[in-house]
Amino acid sequence: MGFTLAEKLLAHAASESNVYAGEYVTASIDLAVSHDNSALVIDRFHELGGNKVRTPEKIVIILDHRTPANTIMSANLQKRVRHFIIDQNIPLFFDVGEGICHQVLFEKRLIAPGMVVVGSDSHMTTHGAVSAFATGVGAIDLAAIWKEGTLWFKVPQTLKFIVQGTLSSFVTAKDISLSIIGKIGAAGASYRSCEFYGTAIKDLSLASRLCLCNMMMEAGAKNAIIPSDENLRFWFNDAKKSRYDVVYADADAMYEKEYIIDVAELVPQIACPHSVDNVKPVSAVHDVAIDQILIGSCTNGRLEDFAIAAEIIGSRKVCNTVRLLLVPASRTVLLNAVKKGYLQRLIKAGGILLPPGCGPCLGLHQGVVADNEIVLSTSNRNFQGRMGAASAQIYLSSPAVAAASAVTGVISDPREVVR
Amino acid sequence: MIIRGRVYCLGDAINTDVIIPGRFLTIQDPYELARKAFADSDPLFLDHVAETNIIVAGENFGCGSSREQAAICLKFAGVKAIVSSSFARIFFRNAINVGLPVIECSSAVNEISAGDTLTIDVGKGVIKNRSLSKQWTCVSYPEWMVSILTAGGYISYIRKNKAL
């Protein structure tokens with residue numbers, strides 16, 4: 001019997017000749033990622049008896065959740081992280097303003113195919129887009145990696161998704177993600193590895209693949225992974241990577257379940273309050289007036305997301321009852337979106353530009369929502385209270401739906417608005 | 001490791017944003033974090049837990065963010081154990097690491113009611129309901145995971161093992 005990608009990558013990292021789903025392994029971690037919660041990880045590291053981190057080069061810290069700091073408390077915590085970086089000679093540190101950790105890790109090509117990467121952020125699943133095994137943990141687990149360089153895993157079962165067909169205009173990777181989650185549920189991939197195949201996946205840009213793998217966290221996935229192809233090789237071509245292991249699953253690998261999905265007829269999707277799996281076609285949600293729209297986040301804050309939003313808005317204005325927040329996922333995205341004129345168009349239309357980072361996605365600052373407000377966000381979570389008041393209602397969609405709705409002031413299908 | 005307590009019931013998909021909203025994540029004192037547990041959805045949570053300290057909940061408990069504070073605030077609020085039909089994986093790891101017993105047992109969840117008195121043998125993976133005179137077998141842990149829980153969490157476990 002052959003092996004899935006998760007089985008192969010975890011076996012390699014654990015220096016085992018073969019492991020199957022259900023076994024426990026202790027794997028060497030190629031990169032340990034953390035963000036603003038590094039302050040908590042530092043405490044845990046010391047509580048574990050840590051003095052010097054084992055391998056400073058295998059640690060990345062990117063401050064992204066509160067950019068710049070929103071309270072004295074978070075400013076002090078960020079300051080502690082900066083001191084720790086210096087004390088421990090950690091070379092890979094990116095301060096506030098560089099961007100969301102997941103986008104920065106991708107742009108800097110810090111995660112390469114075949115790596116086993118762990119971060120104290122749930123959306124680490126994103127990095128399966130570059131064919132790595134990447135998963136999220138909490139602060140104690142991450143501190144243990146700083147100290148020992150290893151972590152235990154239960155080797156996951158794998159779900160295989162074969163996604164076929166060509167997407168229609170204004171239908172995106174976010175719609176594929178939402179339709180999958182709507183089908184399998186918010187726990188549909190719990191503890192599972194998700195492998196993606198098919199022509200529709202091959203056609204996705206790397207940015208769109210990041211979006212898809214990011215969203216699989218919301219189905220409970222341990223990791224999501226797309227096998228390496230020419231697109232990915234091209235992306236890493238110029239990088240002088242010492243590490244680049246192209247690994248494929250075996251043809252006779254054992255999958256727990258196989259899903260065959262055709263996206264040719266897929267229409268824009270929307271997740272309704274208060275659960276990511278409460279998914280409907282946008283056309284089924286009528287007359288919902290929006291107070292605030294967010295285009296950004298580790299799911300949909302990339303250049304292609306601002307491109308499609310700018311295209312849809314065109315020379316129109318944002319409806320005067322709507323606040324449109326624009327949060328580029330990184331400094332590079334921001335600069336490119338300026339260069340291409342996307343941001344100029346969106347700001348001229350009435351959009352409000354915020355610094356690169358997680359922004360208002362988790363209700364910390366920069367656009368906290370009021371009681372009973374209706375929000376449309378391109379991020380990944382619509383839990384009650386996520387973005388501010390618990391009585392607010394959060395809808396999730398693609399940037400195309402967000403931009404179309406910004407123009408009309410109500411939840412709208414971009415295909416109707418552009419026509 | 002034997003846990004005794006009375007049951008406080010919660011529903012399906014209790015997510016980490018509901019357990020501890022993002023705006024409280026800079027709080028470092030665990031007892032102060034505990035006072036913010038379920039701040040938006042159940043402001044009297046701390047009072048409930050004083051009398052009913054075993055949470056029994058449905059599917060996908062702890063889904064969402066990787067915030068360890070979700071497990072910490074429940075532990076320091078006085079929650080002795082959580083019995084659920086299933087747990088989200090990061091919350092599960094965090095709970096074990098902070099020494100909060102999380103027990104997967106959907107058959108028990110279906111039959112237990114609020115206020116019931118339970119005895120949980122974590123090592124043997126058995127839940128006894130004294131109110132119903134019934135017992136259930138849960139999904140079992142590897143021995144080393146029980147040792148982490150018995151030690152009171154991963155940090156105490158490492159410290160104890162170092163002392164040996």
Side-chain angles (χ1 to χ4, degrees), chain A residues 24 36-37 39-41 43-44 47-49 65-66 70-71 73-74 76-77 119-124 135-144 147 152 154 156 185-187 190-192 217-218 220-222 274-277 361-365 368 381 383-391, chain B residues 12-28 30 33 38-43 58-72 85-99 104 142 144-145 148 153-159 161-163:
Chain A
Y24 287 92
D36 297 40
N37 65 13
L40 182 60
V41 184
D43 286 340
R44 297 296 185 238
E47 287 166 24
L48 282 171
H65 273 48
R66 299 161 186 86
N70 55 335
T71 61
M73 184 112 78
S74 57
N76 282 331
L77 292 174
S120 56
D121 186 89
S122 59
H123 290 106
M124 284 302 294
T135 192
V137 296
I140 293 175
D141 277 335
L142 204 79
K147 188 163 171 273
W152 69 267
K154 189 173 182 180
S190 256
Y191 288 81
R192 307 306 195 268
M217 170 59 211
E218 301 313 313
K222 185 173 215 157
H274 295 289
S275 176
V276 68
D277 56 3
C361 168
L362 64 163
L364 298 176
H365 61 154
V368 174
R381 289 198 175 129
F383 297 143
Q384 191 162 8
R386 169 82 176 174
M387 296 176 75
S391 56
Chain B
D12 285 331
I14 302 298
N15 68 69
T16 54
D17 276 88
V18 164
I19 297 170
I20 184 86
R23 63 185 185 278
F24 300 126
L25 295 180
T26 49
I27 297 172
Q28 289 163 290
L33 266 177
F38 294 98
D40 292 335
S41 61
D42 187 0
E59 301 282 350
N60 209 15
F61 190 96
C63 58
S65 129
S66 66
R67 60 190 69 164
E68 200 162 278
Q69 291 93 334
I72 294 168
S85 307
S86 63
F87 291 92
R89 58 164 288 276
I90 304 180
F91 181 86
F92 183 86
R93 286 189 83 110
N94 287 343
I96 301 288
N97 283 340
V98 307
E104 196 179 315
W144 53 270
M145 222 183 261
I148 293 175
Y154 185 71
I155 288 165
S156 329
Y157 171 78
I158 290 294
R159 284 183 177 165
N161 282 6
K162 213 167 143 190

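Chain identifiers are assigned alphabetically (A, B, ...) following the order of the sequence lines, protein sequences preceding nucleic acid strands; residue numbering begins at 1 within each chain.
- A/L77 touches chain B through its side chain: at least one heavy atom from C-beta onward sits under 4.5 Å away, while N, CA, C and O do not.
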Go through A/K222 and A/K154 one step at a time and tell me if the side-chain contact (heavy atoms from CB on, under 4.5 Å) criterion holds. CA-CA 10 Å; A/K222 185 173 215 157; A/K154 189 173 182 180; 4.2 Å; yes
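- Residues satisfying the side chain to side chain donor-acceptor pair (under 3.5 Å) criterion with A/D43, sequence neighbours excluded, are A/R80.
- With no hydrogens or angles considered, a side-chain donor-acceptor pair links A/R381 and A/S122 at under 3.5 Å.
- Within the 3.5 Å criterion, the main-chain N or O of B/V18 finds a donor-acceptor partner in the side chain of B/N15.
- Between the side chain of A/R386 and the backbone N or O of A/C361, at least one donor-acceptor pair lies under 3.5 Å.
- Of the two parts of A/S74, the backbone and the side chain both hold a non-hydrogen atom closer than 4.5 Å to a non-hydrogen atom of chain B.
- For B/I96, no part lies under 4.5 angstrom from a heavy atom of chain A.
- Only the side chain of B/N94 has a heavy atom closer than 4.5 Å to any heavy atom of chain A.
- Per-residue heavy-atom pair counts under 4.5 Å with chain A were compared for B/P142, B/S156, B/S86, and the maximum is reached by B/P142.
- Only the side chain of A/M217 has a heavy atom closer than 4.5 Å to any heavy atom of chain B.
- Aromatic ring orientation, A/W152 versus A/Y24: tilted (interplanar angle from 30° to 60°).
- With chain B as the partner, the residue from A/T135, A/L362, A/V137, A/T71 showing the most heavy-atom pairs under 4.5 Å is A/V137.
- Only the side chain of A/L364 comes within contact range of chain B, with at least one heavy atom under 4.5 Å from a heavy atom of that chain.
- Ring-plane geometry between B/F87 and B/F92 is classed as tilted, the angle between the planes lying from 30 to 60 degrees on a 0 to 90 degree scale.
- Heavy-atom pairs under 4.5 Å with chain B were tallied for A/A221, A/A143, A/A187, A/G363; the largest tally goes to A/A187.
- Here A/G136 is the residue among A/S190, A/A186, A/G136, A/G388 with the most heavy-atom pairs under 4.5 Å with chain B.
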Let me check something: any side-chain donor-acceptor pairs from residues 20-28 of chain B under 3.5 Å, sequence neighbours excluded? List them with distances.
unit_1 : atom_1 : unit_2 : atom_2 : d
B/R23  : NH1    : B/D40  : OD2    : 3.3
B/R23  : NH2    : B/D40  : OD1    : 2.8

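- Considering only heavy-atom pairs separated by less than 4.5 Å from chain A, the leading option among B/G64, B/A88, B/C63 is B/G64.
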